[in-house]
Number of protein chains: 2
Amino acid sequence: MAEDVARRRSTLDEVAELAGVSRSVASRALNNAPHVSRAKREAVERAVRRLGYVPNTTARALATRRTGVAALVVSGEDPSIFADPFFAQVIVGASGALEEADLHLMLCLAASDRGRRRVEDLLRSRGADGVMLMALRENDPLIRMAEETAMPVVFGGRPVGPAPRWYVDADNVGGAREATEYLVSRGRTRVAAICGRLDTGVGRARYRGYRDAMLAAGLSPLPPQEGDFTEPSGAAAMAALLVNHPEVDGVFAANDNMGVGALRTLREAGRTVPDDIAVVGFDDLAVARVADPPLTTVQQPVQALGRKMAHMLVALVNGQDPTPLILPTRLIVRASA
Amino acid sequence: MAEDVARRRSTLDEVAELAGVSRSVASRALNNAPHVSRAKREAVERAVRRLGYVPNTTARALATRRTGVAALVVSGEDPSIFADPFFAQVIVGASGALEEADLHLMLCLAASDRGRRRVEDLLRSRGADGVMLMALRENDPLIRMAEETAMPVVFGGRPVGPAPRWYVDADNVGGAREATEYLVSRGRTRVAAICGRLDTGVGRARYRGYRDAMLAAGLSPLPPQEGDFTEPSGAAAMAALLVNHPEVDGVFAANDNMGVGALRTLREAGRTVPDDIAVVGFDDLAVARVADPPLTTVQQPVQALGRKMAHMLVALVNGQDPTPLILPTRLIVRASA
DNA sequence: GAGACCTCTGGGAGCGCTCCCACTGGAAGC
DNA sequence: GCTTCCAGTGGGAGCGCTCCCAGAGGTCTC
């Protein structure tokens, strides 16, 4: 039972004094370090309990040069990108893994210039032990910052350009290929792709998977119909497809949000899914399951992505040199295709 | 142009030496404090640039007793609660407001016992300057922790029980009342409520609003059909209603997720919305807009909720004593009712 | 021209912890 | 009985910053 104690926090010195030992011994006892006799260890524990002592995180961080904090940075032009439930899942995964390593999660939405400057400061001011970077676009300034910092950086998804040293990514090309192959195997021959922003790694990879599969099947891929991973952009892309390629009988959408948007446009246009047009999404977020009709989609292990990123970061912080990771995807067949 | 500098971080002492001033002067110059001559101030600025100096966050925190960190704690039995897009919006709001105050956002998903213990440690170890608490259930251990800590705590939504000292909440009773009144005004007389968990403040408040409105209209409220704020639970609740109260012609769902779940069940049961049964939700998240039919719902300013919580916390941290806040809601009429 | 009152300045004492190191004394080895 | 070793101990020097304070030198008053 920790006694209720005055508001003033007690310090290690007070613990040491109450326990009748030196600060060094108290510190060692606290950290389960060796070279402390059983008696003194117990005395310290008693004192800790009596005083309700909790070590000051900041002081410890200063002395150990470890903050105990891992930052998750979500880049993007405007903060609404964060509304994508994808990130919530990543966070759940990362949070769990960090908890095991006793690290705290700092969340940075680097939307504005101000936000990016704060991230840069974080990188340089030792405000965290390491950083996980997500949703980077081509030429994102954060990429350069990541290269220049001495802080461990793990990428969530490879950005456009040379692959970073450490990353965790899903097999986007493979997943998109499988989705397209599935559409083709169901007899669809005029398959279009509603792809995500092509200045992102995911956007390009998923379009490439689609393209590869089409070519391999001897079909001609359509040019990318670009969206920005949101539902409305998917709806708009589908509308554009209906105008420009009315003969389309299958659609591969680069994520579920856009897939659901496509479904909405098709419904409004009086097209039936999957009879007239089959639709496949990507991600397998909750929205795919509750869509009407339920969306066939490529599942990627989103929580695992977060978890693996965190693991990789922990390894880096501990001085190891982990290898990049590509997580498998798998097709989930539902009613939409 | 900051020169590229060795990996070793430079310190304030080095800046001072290079600038030919004392550490005190350098510190003052850095913090825009008075009592620094123009010449020395510029010398310091030059040295800072040459060395690429960035003050060490931790050391500063130790000296000032300010961490520059605000924590957002999301409580709940399992982390999946965080999948609710509601939190993403809160975070966007809070993040923006904290950015203005130059605070960093720490995110704690306090799902497990371990997670709660970590929050407790955070509260006691001065790991943050203040805390925002959300999604608390009746008798949540975090409520007691919040009372006992010396750290500023702002509640997002009032938990069941006595109202905390500082909170930001939406007008849940008023919003639910308005939603129900609207259903009644459209001629619905057998209105049911799919309510959220009744061990949460929101859950109770929204059911109360429904109940008040029904009684005020001279109608008999149905007993609460409880869900847990998720889509499946809404679908299940709707299914139960169809069995137990097949005569129902209107449904107030305590949030959009459950409202969308209800829509799904109704669709599967062959009931048309709104002709057979009208449905109203609560929150006005993206899911309501893209539902089929689009969901009439009670809009609450979710981002503003986050923003206001952050503002309140900043005020507390700065020694002010802000007053609790209740944000207005407003009915958004769409096709489902 | 003495006192009051500025602005600048740098020394130094923290903030609360970790960790190196020198020291003690008892057990082990020969 | 001597050295050798090592578990146990506490002193003290950081970690990198802020901020109090005493002091220097200048301006302004009357």
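Side chains included, hydrogens not; waters and symmetry mates left out as well; all remaining heavy atoms used. So you know, we letter chains A, B, ... as the sequences are listed, proteins then strands, and number each from 1.
With rounding to whole Å, B:L62 atom CG is found 14 Å from D:dC15 atom P. Atoms CG (A:D13) and C1' (C:dA13) sit 15 Å apart, rounded to a whole Å. The distance between atom NE2 of B:H35 and atom P of D:dG26, rounded to the nearest whole Å, is 18 Å. A:L30 has its CG atom 15 Å from the P atom of D:dT9, to the nearest Å. Atom CG of B:N56 and atom P of C:dC15 are 19 Å apart (whole Å). Between B:R9 atom CZ and D:dG14 atom C1' the separation is 19 Å, expressed in whole Å. Distance A:R66 CZ to D:dC15 C1': 15 Å, rounded to the nearest Å. Taking atom CZ of residue B:R65 and atom P of nucleotide C:dC17, one finds them 11 Å apart after rounding to whole Å.
One side chain, A:E99 or B:S112, offers a donor N or O that lies under 3.5 Å from an acceptor on the other.
Salt-bridge check for B:D321 with B:R165: passed, with a basic side-chain N closer than 4.0 Å to an acidic carboxylate O. A salt bridge does not link A:R116 to A:E120: none of the charged nitrogens lies less than 4.0 Å from a carboxylate oxygen.
At a threshold of 4.0 angstrom between heavy atoms, the contacts of A:S24 include nucleobase atoms, whether or not backbone atoms are also involved. Counting any heavy atom pair closer than 4.0 Å across all strands shown, A:R23 reaches a base atom. Nucleic acid contact for B:R28: base, since at least one base atom lies under 4.0 Å from a heavy atom of the residue.
A:V154 places none of its side-chain heavy atoms less than 4.5 Å from the side chain of A:V131. The side-chain heavy atoms of A:V73 and A:M134, taken from C-beta on, include no pair separated by under 4.5 Å.
Between A:R60 and B:P34, the one whose closest nucleotide on DNA chain C sits nearer the 5' end is B:P34. Closest-nucleotide positions on DNA chain D for A:K40 and A:A59 were compared, and the one nearer the 5' end corresponds to A:K40.
For B:S27, no side-chain nitrogen or oxygen approaches OP1 or OP2 of D:dC17 to under 4.0 Å. Taking 4.0 angstrom as the limit, A:T64 places none of its side-chain polar atoms (N or O) nearer than this to OP1 or OP2 of D:dC15.
Here the side chain of B:A63 is nearest to one of C:dC19, D:dC17, C:dC17, namely D:dC17.
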